[in-house]
Structure formats: structure tokens, C-alpha cells
Amino acid sequence: MVQKMPSLLSVRPRRGCYAGFAMVAVVALIVSGCGSDDESTSGPDDTTSNAEASSGFVDADTIRERVIGNTVTGTMSPDSAYTEFYAPDGTIHGPSYEARWTIKDDQLCFDYDEALQIDCYRVKIDGRSLEWHRQGEVQGKGTLVEGNPNNF
């Protein structure tokens, strides 16, 4: 009596099918990012660059768009209140003074006559809230107000 042995091909397809399916499922999960701890919700319509999103700082174009031509009112450390209109011509208008602004390396720089140096700040903007950062620390906070409501 000759015993017929099943061929490998007749036995493997089922196991191979499940293993192949499992492998495809694992690869699909990895490629789709399932399990990723990246909780960002940015999509193709998001106008914030990846660098801005990760740091929170805005670039020169955003400073021009959001700050220039508008007023910022707030406080600088330690507790000195300010209200300034940043005119498109490069001038800063306060309640009783004028100064100059420039943008350099994605920073808004201020040149006040009484100051010994020009101070530059990186800017974070969230809605109407604004923060001035220098040397890795928050130096002041403010609120963006459209236009020049104080007629400076």
C-alpha cells in the first residue's frame, strides 16, 4: 500500500493566505500612521508651514500680513503697557512718540530713539493674541487690533 503524501502546495495555501493577509494589514497600518503619536491635524488646506507649526513662530510674510497696518496693545516685561500702530511706511506711532520698525530674518525689529540698540523679536500669533519672543523667552504679550483706532 502506497501512502500518498499531500504536497506542500496543497497544505500551504491556507496558512500562506492568512500570513500574507496579516503581513499586508501590518504594512497598511504602518504606512497609514496608525499608532503614531503625532496628533497634528494639518491638512492640505492648512496655510501654516511645518516650521511655523512646530515652533509657533510666524514668518516675515505673516508679520506683514497680520501686524503691519494694525495696532498692538499689551504689556512688555516687566509690566510696561504699550499701544502702538505699525504703519506700512516703516514707522511706529505711539501715544506720544514715533519710532521705526523693520523685518529681518522673520523677526520684527524696533528702533526707538531713546534705545541704545535695535531690538528684534520673533512673533507668535494665535487669533488676535500675540507674543514677542527674544533669546528664547517671552518678553511681552499683546492683542492685535485692526487698523489705527487711536488715530496715532
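Residue numbers run from 1 in the order of the sequence given.
Residue pairs satisfying the salt bridge (charged side-chain N to carboxylate O under 4.0 Å, His left out) criterion with at least one member in residues 109-130, sequence neighbours excluded, are listed as follows: D119-R134. Under the side chain to side chain donor-acceptor pair (under 3.5 Å) criterion, no residue pair touches residues 135-152, with sequence neighbours excluded. Evaluation of the side chain to side chain donor-acceptor pair (under 3.5 Å) test over residues 64-77, restricted to residues two or more places apart or in two chains, returns T73-T83. Contacts classified as salt bridge (charged side-chain N to carboxylate O under 4.0 Å, His left out) and involving residues 82-103 (residues at least two apart or in different chains) are not found.
Atom OH in Y97 sits 9.5 Å away from atom OH in Y82 (nearest 0.5 Å). A distance of 11.0 Å separates CH2 of W132 from SG of C120, quoted to the nearest 0.5 Å. Considering CD1 of I68 and CZ of F85, their distance stands at 9.0 Å, rounded to 0.5 Å. If you take CG on D106 and CG on D61, they are separated by 8.0 Å, rounding to the nearest 0.5 Å.
Side-chain contact between V72 and V145: absent, with no pair of heavy atoms (C-beta onward) separated by less than 4.5 Å. Taking 4.5 Å as the limit, every side-chain heavy atom of W101 sits out of range of all side-chain heavy atoms of C109.
Of all heavy-atom pairs between M76 and G140, the closest is SD-CA, 3.7 Å. Y112 approaches A99 most closely through the heavy-atom pair CD2-CB, 3.4 Å.
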Step by step, would you call V123 with T62 a side chain to side chain contact (heavy atoms under 4.5 Å, CB included)? CA-CA 9 Å; V123 182; T62 304; over 6 Å; no
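Taking H133 as the reference, F57 meet the ring pair (Phe, Tyr, Trp, His ring centres under 6.0 Å) condition, with sequence neighbours excluded. Remark: Y86 engages F110 in a ring pair (Phe, Tyr, Trp, His ring centres under 6.0 Å) (not counting sequence neighbours).
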